[in-house]
Participant: 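Shown below is the structure under consideration.
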Number of protein chains: 2
Amino acid sequence: MFSYQQLKDYCEAVFKGMGCSDEDAAIVTEVLLAAELHGLSSHGMLRVKDIYGLYKAGRINTKPNVRIVHESPSTATIDGDGAIGIVAARYAMQVAIEKSEKAGTGWVAVRNSNHFGIAGYYAEMALAHDMIGIAMTNANPLVAPTFSVSRMLGTNPLAVAIPADKQPPLVADFATTPIARGKLAIMGKKGESAPLGYVQDADGVPSTDPDIITRGGAIVPLGGDYEHGSHKGYCMGALIDIFSSVMSGANFGPFVPPQVPYLPLLDKSVGDGLGHFFGAMRIDAFRTKEEFKHSMDEWIETFRGAKPAKGQDRVYIPGDIEREKRARIMVDGITILKAVEDDLREVGREFSVEL
Amino acid sequence: MFSYQQLKDYCEAVFKGMGCSDEDAAIVTEVLLAAELHGLSSHGMLRVKDIYGLYKAGRINTKPNVRIVHESPSTATIDGDGAIGIVAARYAMQVAIEKSEKAGTGWVAVRNSNHFGIAGYYAEMALAHDMIGIAMTNANPLVAPTFSVSRMLGTNPLAVAIPADKQPPLVADFATTPIARGKLAIMGKKGESAPLGYVQDADGVPSTDPDIITRGGAIVPLGGDYEHGSHKGYCMGALIDIFSSVMSGANFGPFVPPQVPYLPLLDKSVGDGLGHFFGAMRIDAFRTKEEFKHSMDEWIETFRGAKPAKGQDRVYIPGDIEREKRARIMVDGITILKAVEDDLREVGREFSVEL
């Protein structure tokens with residue numbers, strides 16, 4: 001168990017050791033720790049060693065020149081210059097917010113980037129500006145389209161944050177698959193079988209083997225199978241891939257470069273690095289702030305008042321669970337798996353940083 | 001079986017009979033027939049009698065003053081003045097396209113509208129302008145949030161159309177539920193049971209009764225149950241509801257006014273009518289048109305080249321099925337259910353229009 005401050009001090013020192021500026025080190029640290037506070041440890045401290053490995057292999061640029069390469073009043077395209085994805089993404093979301101201040105909305109596509117951590121972080125950046133925030137990214141291909149066995153899409157998440165007044169903001173942050181890859185890996189390590197509707201084997205037959213994706217299988221899109229609308233989950237994942245890649249000039253689908261150092265770069269490339277897409281929308285570009293926020297409060301209160309199903313205590317608003325978790329973890333501290341802790345100490349030694 | 005022209009002549013005359021301008025009658029006709037050409041008969045000729053009934057009840061305005069009530073360089077909010085939803089929606093999408101010409105993107109929220117027919121029609125309007133088109137709407141509440149038994153959301157569809165070069169455009173148009181209401185109704189009429197994962201009963205217990213929504217049950221969000229990610233489908237439906245209502249000032253979720261004349265207006269209202277949301281994004285606001293279209297062709301070719309699962313012939317790109325259906329129906333003609341044909345003749349008599 002570590003306090004937020006302990007991990008913050010450790011991470012900032014390590015990323016500075018890798019050559020990051022003070023500002024970039026602080027940003028990367030903040031976003032990785034935001035994942036831990038959300039209980040999404042697959043996007044938190046686990047990533048430090050991956051980023052370190054990619055840095056050592058020359059596959060990540062810790063002194064990037066992140067810059068706008070194309071723009072219009074409400075849009076921009078950004079070249080991430082091979083940065084740690086978090087650095088490129090945060091810059092891009094700031095540009096989206098600036099565009100939105102003037103044009104009402106701002107939309108930014110990013111290419112030549114890497115894994116950006118937790119999508120919700122960037123969406124939430126918009127809230128302080130009385131804007132709706134949107135963030136999405138493509139990711140390493142593990143998901144087969146409906147009717148296919150080819151791994152063509154990542155678990156491609158979408159995050160949207162919407163401000164309210166007296167109520168806390170609504171923050172939706174979800175992958176476009178029934179299950180995250182990390183949860184499958186945990187089931188596999190525990191020797192458990194997966195419920196039907198998560199994965200399929202190399203022939204496209206539904207499987208309960210959580211490790212099947214290491215043997216030619218694939219994760220299925222949200223919906224599970226065609227009868228239950230997996231083509232709709234496939235549409236969602238495809239749209240997020242296209243917004244993150246075709247818009248920006250990043251690699252799409254099967255060509256997204258691996259985000260771990262132990263997997264080699266792919267032979268074929270159809271663009272630059274991995275891609276993201278961000279949006280910021282001023283709420284007063286549609287109604288007065290007061291009207292919007294009052295109406296959003298009313299929406300949240302109405303949905304929170306929905307009748308729970310038998311055996312359930314309450315009905316959640318997107319963001320409720322994570323917000324409550326965050327408050328608890330900030331007090332209790334952050335639990336790190338022993339193996340991850342060992343990794344952190346190993347990386348720390350390289351830069352004479354103690355945990 | 002009817003030809004496109006027969007139904008076009010009939011519809012235009014009937015809507016003019018209801019007081020629509022020549023232009024509005026032509027638009028409503030075109031969008032209803034677009035649904036028939038997509039094989040989506042629930043959004044086609046079936047709607048003529050509903051619109052007529054709402055018109056007779058004074059719940060639809062056939063001479064509306066659809067107008068912008070709030071705007072910024074890249075946004076507008078539109079009051080539909082109680083119009084047939086198609087009339088308000090088409091105007092709104094045109095405004096989104098105009099905004100996009102100047103600002104790079106255009107985003108339009110609509111309130112005080114009604115059922116807008118097929119979402120894909122509006123998204124596809126952007127293609128001729130080398131823009132990405134986006135359309136969404138809220139709808140009558142039939143869907144319960146995860147862990148709830150209350151019908152809070154419609155089947156809230158999202159449509160996105162993306163231009164390519166040599167390849168046909170990608171057109172995704174999908175509801176955020178596993179199944180459409182119309183398909184459940186057909187199962188019920190045939191005496192079939194529904195697969196698990198479509199609906200639940202009044203206690204929130206999964207049900208195979210396709211008519212359960214008429215007895216306190218609800219449709220579940222895409223994903224089916226919490227274990228398979230229905231909270232992600234709930235997020236999607238909720239976001240589409242908020243964009244369509246809180247942004248514009250329309251009624252949200254449970255307060256969306258019924259779109260059929262035999263259901264009375266609700267006692268409580270939290271806004272004006274039903275709402276939609278539209279977007280148009282100039283592709284050259286992100287990259288040159290040539291780069292974008294070349295990359296989109298490559299995306300489509302790559303995904304079309306995915307290996308089919310055992311027993312499948314091919315892997316589809318969103319829009320393939322509908323495009324092929326449209327080409328076939330344009331040649332073969334449009335099949336109308338006998339009951340719908342009778343309805344059309346009955347409405348036609350009122351205006352001395354023969355079918």
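All chains are named by letter (A, B, ...) in the order of the sequence lines, taking the proteins before the strands, and each is independently numbered beginning at 1.
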Participant: When only pairs under 4.5 Å are counted, which of A:Glu71, A:His231, A:Met281 shares the most heavy-atom pairs with chain B?
Facilitator: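 Of A:Glu71, A:His231, A:Met281, A:Met281 has the most heavy-atom pairs under 4.5 Å with chain B.
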Participant: Give the ring-plane orientation class for A:Phe303 versus B:Phe252, where under 30° counts as parallel, over 60° as perpendicular and anything between as tilted.
Facilitator: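 If you compare the ring of A:Phe303 with that of B:Phe252, the planes turn out tilted.
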Participant: Quick one, A:Phe286 and B:Val69 - any side-chain contact, counting heavy atoms below 4.5 Å?
Facilitator: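 Side chain of A:Phe286 against side chain of B:Val69, heavy atoms only: no contact under 4.5 Å found.
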Participant: If you count heavy atoms of other groups shown closer than 6.0 angstrom to NE2 of B:His129, is the number above 12?
Facilitator: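 For B:His129, atom NE2 is crowded (more than 12 foreign heavy atoms under 6.0 Å).
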Participant: Quick check against the 3.5 Å criterion: does A:Ser150 have a side-chain atom that pairs as donor or acceptor with the backbone of B:Lys307?
Facilitator: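 A pair under 3.5 Å: yes.
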Participant: Quick one: what part of B:Ile317 sits under 4.5 Å from any heavy atom of chain A, side chain, backbone, both or neither?
Facilitator: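 Both parts, heavy atoms under 4.5 Å.
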Participant: Shorter than 4.5 Å, heavy atoms on both sides: which option in A:Ser230, A:Gly305, A:Ser248 has the most such pairs with chain B?
Facilitator: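 With the most close heavy-atom pairs to chain B, the winner is A:Ser248.
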Participant: How about A:Ile242 and B:Trp299: do any of their side-chain heavy atoms sit closer than 4.5 Å?
Facilitator: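 Side chain of A:Ile242 against side chain of B:Trp299, heavy atoms only: contact under 4.5 Å found.
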Participant: How far apart are the closest heavy atoms of A:Val149 and B:Ala309, and which atoms are they?
Facilitator: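 A:Val149 and B:Ala309 have their closest heavy atoms at CG1-CA, 3.6 Å.
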Participant: Return the option, out of A:Gly271, A:Pro178, A:Gly229, A:Ala144, with the maximum number of heavy-atom pairs under 4.5 Å with chain B.
Facilitator: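 Ranked by contacts with chain B, first place is A:Pro178.
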Participant: Shorter than 4.5 Å, heavy atoms on both sides: which option in B:Arg151, B:Arg282, B:Arg287, B:Met152 has the most such pairs with chain A?
Facilitator: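 Heavy-atom pairs under 4.5 Å are most numerous for B:Arg287.
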Participant: If I measure from the heavy atoms of chain B, does A:Thr176 come under 4.5 Å with its side chain, its backbone, both, or neither?
Facilitator: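 For A:Thr176, there is no contact with chain B at all, as no heavy atom is under 4.5 Å.
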Participant: Who wins among B:Gln200, B:His294, B:Met236 for the most heavy-atom pairs under 4.5 Å with chain A?
Facilitator: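 When all of B:Gln200, B:His294, B:Met236 are compared, B:Met236 has the most.
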Participant: With only heavy atoms counted, which part of A:Glu298 is less than 4.5 Å from chain B, the side chain, the backbone, both or neither?
Facilitator: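 Answer is both: backbone and side chain atoms of A:Glu298 are under 4.5 Å from chain B.
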Participant: Roughly how far, to the nearest 0.5 Å, is the NZ atom of A:Lys268 from the OG1 atom of B:Thr302?
Facilitator: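 Here the rounded value is 5.5 Å.
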Participant: Using heavy-atom distances under 4.5 Å, tell me whether A:Tyr234 contacts chain B through its side chain, its backbone, both, or neither.
Facilitator: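 Interface part for A:Tyr234: side chain.
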Participant: Is the side chain of A:Thr75 donor-acceptor paired with the backbone N or O of B:Ala285 at a distance under 3.5 Å, no angle test?
Facilitator: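 Answer holds: yes.
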Participant: Is there a side-chain contact between B:Met247 and A:Ile132, using heavy atoms and a 4.5 Å cut-off?
Facilitator: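 The answer is yes; the side chains approach within 4.5 Å.
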Participant: Counting heavy-atom pairs closer than 4.5 Å to chain A, which one of B:Val108, B:Thr288, B:Leu239 comes out on top?
Facilitator: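 Greatest number of close heavy-atom pairs with chain A: B:Leu239.
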Participant: Which bit of B:Ala76 is near chain A, if near means a heavy-atom gap under 4.5 Å: side chain, backbone, both or neither?
Facilitator: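 Backbone of B:Ala76 only, per the 4.5 Å heavy-atom cut-off to chain A.
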Participant: Side chain, backbone, both or neither: which part of A:Ile134 has an atom under 4.5 Å from a heavy atom of chain B?
Facilitator: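 Answer is side chain: those atoms of A:Ile134 sit under 4.5 Å from chain B.
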Participant: Pick one of side chain, backbone, both or neither for A:Lys102, based on which atoms fall under 4.5 Å of a heavy atom in chain B.
Facilitator: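 Looking at A:Lys102, just its backbone touches chain B.
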Participant: Counting only N and O atoms by type, is there a donor-acceptor contact under 3.5 Å from the side chain of A:Lys232 to the main-chain atoms of B:Thr177?
Facilitator: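 Judged by distance alone, yes, a pair lies under 3.5 Å.
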Participant: Do side-chain atoms of B:Arg314 reach the backbone of A:Phe147 as a donor and acceptor pair under 3.5 angstrom?
Facilitator: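 Such a contact is absent between B:Arg314 side chain and A:Phe147 backbone.
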Participant: Non-hydrogen atoms of chain A under 4.5 Å away: do they reach the side chain of B:Phe243, the backbone, both or neither?
Facilitator: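 Side chain only.
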Participant: Where do A:Leu222 and B:Gly223 come nearest, in terms of heavy atoms and distance?
Facilitator: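 Scanning both residues, the minimum pair turns out to be CD1-CA, 4.1 Å.
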Participant: Evaluate the criterion side-chain contact (heavy atoms from CB on, under 4.5 Å) for residue pair B:Val246 and A:Phe292; output intermediate values, then yes/no.
Facilitator: CA-CA 6 Å; B:Val246 177; A:Phe292 183 98; 3.7 Å; yes
Participant: Any idea which of A:Asp241, A:Thr146, A:Leu170, A:Leu158 has the most non-hydrogen atom pairs under 4.5 angstrom with chain B?
Facilitator: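 Highest number of pairs under 4.5 Å: A:Asp241.
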Participant: Between A:Ser72 (side chain) and B:Ala103 (backbone), is there a donor-acceptor pair under 3.5 Å?
Facilitator: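 Judged by distance alone, yes, a pair lies under 3.5 Å.
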Participant: Could you tell me which of B:Val270, B:Val205, B:Ile179 has the largest number of non-hydrogen atom pairs under 4.5 Å with chain A?
Facilitator: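 Ranked by heavy-atom pairs under 4.5 Å with chain A, first place is B:Val270.
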Participant: Hey, which of A:Ile283, A:Asp203, A:Asp284 has the most heavy atom pairs under 4.5 Å with chain B?
Facilitator: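 Of the options given, most contacts go to A:Asp203.
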Participant: I need the minimum non-hydrogen distance between B:Ser148 and A:Val315, along with the two atoms involved.
Facilitator: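 That would be CB-CG2, 3.5 Å.
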Participant: Which atoms of B:Asp313 come close to chain A, meaning under 4.5 Å heavy atom to heavy atom: side chain ones, backbone ones, both, or neither?
Facilitator: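 Neither part, no heavy atoms under 4.5 Å.
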Participant: Please state whether the side chain, the backbone, both or neither of B:Glu227 comes within less than 4.5 Å of a heavy atom of chain A.
Facilitator: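 B:Glu227 touches chain A through backbone and side-chain heavy atoms alike.
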Participant: Under 4.5 Å from any heavy atom of chain B, what part of A:Phe277 do you find: side chain, backbone, both or neither?
Facilitator: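 The side chain, not the backbone.
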Participant: Below 4.5 Å, heavy-atom pairs only: which of A:Pro254, A:Ala175, A:Gly204, A:Pro145 has the largest tally toward chain B?
Facilitator: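 Heavy-atom pair counts peak at A:Ala175.
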Participant: Less than 6.0 angstrom separating the ring centers of B:His228 and A:Tyr198, yes or no?
Facilitator: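 Yes, they do, as the ring centres are separated by less than 6.0 Å.
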Participant: For B:Thr105 and A:Ser74, indicate whether the former's side chain and the latter's backbone hold a donor-acceptor pair under 3.5 Å.
Facilitator: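 Flag not set: sc B:Thr105 to bb A:Ser74 has no pair under 3.5 Å.
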